[in-house]
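Reviewing the structure listed below.
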There are 2 protein chains.
Amino acid sequence: MRKTIFIFAALVVALLVLFQLSKYSLLTGNSSIEAIIAIIAIVFFVIGVIINKRILHKEKNVTQEINHKKIEELGLSKREYEVLCEIATGLSNKEIAEKLFVSESTIKTHVSNVLVKLDAKRRTQAIQIAKELQIIPI
Amino acid sequence: MRKTIFIFAALVVALLVLFQLSKYSLLTGNSSIEAIIAIIAIVFFVIGVIINKRILHKEKNVTQEINHKKIEELGLSKREYEVLCEIATGLSNKEIAEKLFVSESTIKTHVSNVLVKLDAKRRTQAIQIAKELQIIPI
DNA sequence: GCTTATTTCATACTTTAGTATGAGTTCTCA
DNA sequence: TGAGAACTCATACTAAAGTATGAAATAAGC
């Protein structure tokens, strides 16, 4: 937010400077009109591109961000969410158990809870639902 | 491609018109310098935004396209690819069988072939691999 | 301190997934 | 027309996945 304010301030300053500069140049006849127009055109073209890029970049990031509020809403615990992420990478219960240093039956319990909370019948469906809810990275 | 050429042509024409217009206006003293500068600034700002938007839009579309060459490379048949897509939506073998009007054992055969061709141990892993290879929509 | 949620684990069970094998049918292409 | 690929299906099996239940340990909050 601070950056945006700073950029707009700089923009206004640049605009005023250009105004005065062009006025002075034209009245004294030191430089051609074409050059001034070209400079103005280039400056504002660049400004347009930069601002547009910033806005689109923010939009992109929003779509990739994980919806932490949704995770809370669903009542997923830390461990359950962890297991869900491992499921999405394609690991089996046994592999997840080894990775998290717990028994396979523990993972089964977590998986069952995750399925209930996500309202899924299978782990493959859970992956899809989780991605739609944007609670795991695509 | 035609659109791009057309846009650039229109851009050049607009530029020349602005040149002549500003020159005329300034020499005859009909309008203020500020107004002309403002118009030029706005026009090129808009041009910058539009061009930037077009480029980014194209980039976005490229990342969402399905890699048909990869599907051929992997040797996936039509039916196998169809089954793979259904797996990715979270359906069980039985549900896929009902959807495609074939028996469950047929689906099992297809799934087995898909797993071998994608070098996956499980269907969840197959989903991940398929998404990384960009052969199924994210 | 007591309650509650979380994490852990086990056992027993049902269901689904996946493998292996064989075989019949259809379609294409040389 | 005949060889090969693709699609279909069945049976029998093993391996995972998922459910249900109970229970113990721990951490967090009132």
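Just so you know, these numbers use all the heavy atoms, side chains as well, and skip hydrogens, waters and symmetry mates.
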* Going through the checks in order, is the side chain to side chain contact (heavy atoms under 4.5 Å, CB included) test met by Arg123(B) and Asn93(B)? -> CA-CA 11 Å; Arg123(B) 48 171 59 211; Asn93(B) 290 337; 2.2 Å; yes
* Asked: Between Ile71(A) and His68(A), does a side chain to side chain contact (heavy atoms under 4.5 Å, CB included) hold up when you go through it step by step?
  -> CA-CA 5 Å; Ile71(A) 297 172; His68(A) 295 284; 4.3 Å; yes
* Checking salt bridge (Lys or Arg N to Asp or Glu O under 4.0 Å) for the pair Glu82(B)/Arg79(B): CA distance, chi angles, key distance, verdict? -> CA-CA 5 Å; Glu82(B) 229 175 329; Arg79(B) 208 58 162 166; 3.1 Å; yes
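Contact annotation: Ser112(B) side-chain N/O to dT19(C) OP1/OP2 distance is under 4.0 Å. The side chain of Ser105(A) places an N or O atom within less than 4.0 Å of a non-bridging phosphate oxygen (OP1 or OP2) of dA10(C). When the side-chain nitrogen and oxygen atoms of Ser103(A) are compared with OP1 and OP2 of dC9(C), one or more of them lie within a distance under 4.0 Å.
In the region residues 86-98 of chain B, proximity to DNA chain C at under 4.0 angstrom, judged on heavy atoms, holds for Ser92(B), Asn93(B).
Whole-Å rounding puts the Gln125(B) CD to dG18(C) P distance at 11 Å. Protein atom CG of Leu115(B) is 7 Å distant from nucleotide atom C1' of dG18(C), rounded to whole Å. For the pair Glu80(A) CD and dT6(C) C1', the interatomic distance rounds to 8 Å; values are reported in whole Å. Summarising the geometry, the separation between CG on Leu76(A) and P on dT7(C) is reported as 10 Å, rounded to the nearest angstrom. Distance Ile107(A) CD1 to dA10(C) P: 12 Å, rounded to the nearest Å. One can place CD of Glu104(B) at 11 Å from P of dG18(C), the figure rounded to the nearest angstrom. Between Lys108(B) atom NZ and dG22(C) atom C1' the separation is 16 Å, expressed in whole Å. The distance from atom CZ of Arg79(A) to atom C1' of dC9(C) is 13 Å, rounded to the nearest whole Å.
Here the side chain of His110(A) is nearest to one of dA17(C), dC9(C), dT7(C), namely dT7(C). Closest to the side chain of Arg122(B), out of dC9(C), dG18(C), dT7(C), is dG18(C).
Contacts between chain A and DNA chain D, taken as any atom within less than 4.0 angstrom of a protein heavy atom, begin and end at dA17(D) to dT19(D).
Counting all heavy atoms, side chain and backbone alike, Ala120(A) lies closest to Ile129(A) at CB-CD1, 3.9 Å. In terms of heavy atoms, Ile127(A) sits closest to Ile136(A) at O-CD1, 4.0 Å. Summarising the geometry of Val83(B) relative to Ile96(B), their closest heavy-atom pair is O-CD1, 4.3 Å, with the distance given to 0.1 Å.
Side-chain contact of Thr106(A) with Thr109(A): a donor-acceptor pair under 3.5 Å is absent, judged by distance alone.
A salt bridge is defined here as a Lys NZ or Arg NE, NH1 or NH2 lying under 4.0 Å from an Asp or Glu carboxylate O, and Glu72(A) with Lys69(A) fails to meet this definition.
Between Lys78(B) and Thr124(B), it is Lys78(B) whose nearest contact on DNA chain D lies nearer the 5' terminus.
The residue Thr106(A) sits close to a base: some heavy atom pair falls under 4.0 Å.
Formation of a donor-acceptor pair under 3.5 Å by the Tyr81(B) side chain with backbone atoms of Val114(B) is not found in this model. Not a single donor-acceptor pair under 3.5 Å links the side chain of Glu95(A) to the backbone N or O of Leu91(A).
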